[in-house]
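To keep things clear, I will list the structure first and then write my remarks on it.
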Amino acid sequence: MNDHMALRNRALKVGVFYDGGYFTHVTNYYNYVHPHRRRIHIGGLHDLVQHKLAELEGTRPSLAHIIDAHFFRGRFSAKEANEKPNQIFNDRVFDEVLMYNGVQTHYLPVREMRGRKAEKGIDVLMALETYELAMHKRYDVVVLIASDSDHVPLVRKLHALGCKTMLLAWDFEYTDNLSGELVTTRVSRDLWNMASYPLEMCPIIDDGLKEGDPLVLDLFVQKESVRHDDAGMDLFGNADTRTEEPRPEPQLVDEERHTSTVMSKFHSYGFIRYPDNNLFFMQDDLEGVLFGDLQLGDPVEFNVALNNKGQRVAKHIRRALPA
């Protein structure tokens, strides 16, 4: 009994380290592609980490203390950012989001590589900083939001220090609505196998949303009842939306009915083949057919509409009648 009580009262020192490019890609997926249409809330993510670690380590969530959080990413120069609409403002807003959540930032300049702007050296910086802090602060657990196999040597070194590792990993794919290309995100299997506590975040999130798990619901910025900081912004830099009007329904481009085939399906949404750019649709857009009964390649008829962002989507979708 005493051993059990001691375990339940054991405090953990936790450090959280973000590969910023990867995290940005993941939160954009949930905001623009996933049916939930919300950005990840950093404070909510930290709450989830504390509860998962407490469950795995047999202690209480309040004793899984996140004593450090660090965010690593490449960044455009002031001159380059000034040439992009609102880039400087957006960078500043996101810095405030990280600051309000106690996350320290580490930036390196974005470099020109083969005619494209790319991050250079950020993984090395993240590994060096994480290892040095782990040596000095003696974390019990280091949490990595990362996907690249370049982090495998870091995990080995952390384990040699007696520090456990938790990996937050997302595997997903979707068809880009503009280019029609398949975008695939996969965590390195070597990194996954090396971590002490690898977490498959996609099923955790999807199951939690389906079941109404408060911990998962709080993982996202809430549009209706957001938690706001003193600057009047939510914790991911969105303006106070508590009084905003509901988004308008997509407006039909015309009354013409179009015919094509189902190109792809993901959870509760998909894409229909259509010239130039394929059309996004939600399961609620189906009429007379269940989403689960719709198969890839099935012929469908639909109307084309414009959503509130001016993007074409499919509405009023039915199975196409045989010719």
Side-chain angles (χ1 to χ4, degrees), residues 25-40 169-187 189 199-224 246-323:
H25 175 63
V26 168
T27 194
N28 282 342
Y29 164 75
Y30 282 101
N31 193 46
Y32 297 116
V33 179
H34 192 275
H36 197 55
R37 288 295 197 275
R38 298 286 189 271
R39 289 194 183 277
I40 292 178
W170 282 266
D171 284 356
F172 56 83
E173 64 182 25
Y174 61 91
T175 303
D176 187 276
N177 196 26
L178 297 177
S179 68
E181 295 180 355
L182 186 67
V183 179
T184 302
T185 298
R186 294 282 183 268
V187 68
R189 289 299 98 185
L199 295 186
E200 288 187 279
M201 295 301 292
C202 283
I204 289 173
I205 290 173
D206 289 340
D207 292 345
L209 290 174
K210 188 183 303 180
E211 297 165 4
D213 183 346
L215 201 62
V216 173
L217 293 176
D218 284 346
L219 184 59
F220 295 94
V221 171
Q222 303 300 312
K223 297 277 173 97
E224 299 301 328
R247 289 185 175 182
E249 285 294 311
Q251 300 298 308
L252 295 185
V253 173
D254 52 45
E255 297 296 328
E256 181 183 355
R257 296 289 283 174
H258 302 266
T259 304
S260 187
T261 58
V262 177
M263 176 181 176
S264 57
K265 288 177 58 182
F266 308 92
H267 303 294
S268 59
Y269 64 96
F271 289 88
I272 292 172
R273 295 187 185 280
Y274 196 75
D276 297 331
N277 295 316
N278 300 306
L279 298 179
F280 175 85
F281 72 93
M282 297 288 294
Q283 64 179 4
D284 294 340
D285 299 319
L286 298 175
E287 299 176 357
V289 58
L290 296 175
F291 186 78
D293 294 338
L294 203 60
Q295 303 298 317
L296 300 187
D298 279 358
V300 290
E301 63 174 44
F302 52 91
N303 291 101
V304 176
L306 292 179
N307 64 15
N308 64 307
K309 297 179 181 178
Q311 299 168 332
R312 293 186 302 176
V313 296
K315 301 292 288 185
H316 308 303
I317 304 162
R318 290 179 171 271
R319 285 192 187 276
L321 298 176

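Values below: every heavy atom of this structure, side chains too, minus hydrogens, waters and symmetry copies. Owing to the predicted nature of the structure, the values given are computational and were not obtained by experimental measurement. Here, residue 1 is the first one in the sequence, and each next residue gets the next number.
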Check G208 against V216 and note the closest heavy-atom contact, atom names and distance. CA-CG2, 3.8 Å
Would you say the ring centers of H25 and F172 fall short of 6.0 Å from each other? yes
Any side-chain heavy-atom pair of V313 and L279 under 4.5 Å: no
Could you tell me the separation between the CZ atom of R273 and the CG atom of N278, rounded to the nearest 0.5 Å? 7.0 Å
Exactly one candidate in Y174, Y32, F302, F271 meets ring pair (Phe, Tyr, Trp, His ring centres under 6.0 Å) with F280; the answer is F271
Ignoring hydrogens and angles, state whether a donor on the side chain of Y29 or R39 is under 3.5 Å from an acceptor on the partner side chain. no
Just checking Y30 against H36, ring centres under 6.0 Å apart? no
R319 vs D298 side-chain heavy atoms within contact, under 4.5 Å: yes
Given the side-chain rings of H258 and Y274, with only the six-membered ring counted for Trp, is the space between their centroids under 6.0 Å? yes
Identify the heavy atoms of R318 and G288 that sit nearest to each other, and give their distance. NH1-CA, 4.3 Å
Are F281 and I272 side-chain neighbours, meaning at least one heavy-atom pair lies under 4.5 Å? yes
If you take all heavy atoms of L286 and F291, which pair is closest and at what distance? CD1-CA, 3.5 Å
With distance as the sole test, does T175 use its side chain to make a donor-acceptor pair with the main-chain N or O of E181 at under 3.5 Å? no
Backbone of P203 reached by a side-chain donor or acceptor of D206 within 3.5 Å: no
Taking it one step at a time, do R189 and D171 satisfy salt bridge (charged side-chain N to carboxylate O under 4.0 Å, His left out)? CA-CA 11 Å; R189 289 299 98 185; D171 284 356; 3.1 Å; yes
Under the side-chain contact (heavy atoms from CB on, under 4.5 Å) criterion, do R312 and L306 qualify, and how do the steps go? CA-CA 5 Å; R312 293 186 302 176; L306 292 179; 3.6 Å; yes
Quick one: do the N31 and R37 side chains pair a donor with an acceptor below 3.5 Å? no
Heavy-atom check, side chain of I204 versus side chain of L199, under 4.5 Å: yes
Go through the steps to decide whether L294 and V300 satisfy the test side-chain contact (heavy atoms from CB on, under 4.5 Å), and finish with yes or no. CA-CA 9 Å; L294 203 60; V300 290; 4.1 Å; yes
Exercise: identify the closest heavy-atom pair between D285 and A314: OD2-O, 3.6 Å
What I want to find out is whether R257 reaches E301 closely enough, with some N-O distance under 4.0 Å, to be called a salt bridge. yes
Is a donor on one side and an acceptor on the other found under 3.5 Å between the side chain of T27 and the backbone of I40? yes
N28 and H34, any side-chain heavy atoms less than 4.5 Å apart: no
Less than 4.5 Å apart, any side-chain heavy atom of L182 and any of E173? yes
Hey, what do you get for CE (M282) to CD1 (I317), rounding to the nearest 0.5 Å? 10.5 Å
Check: L217 and L209 side chains under 4.5 Å, non-hydrogen atoms: yes
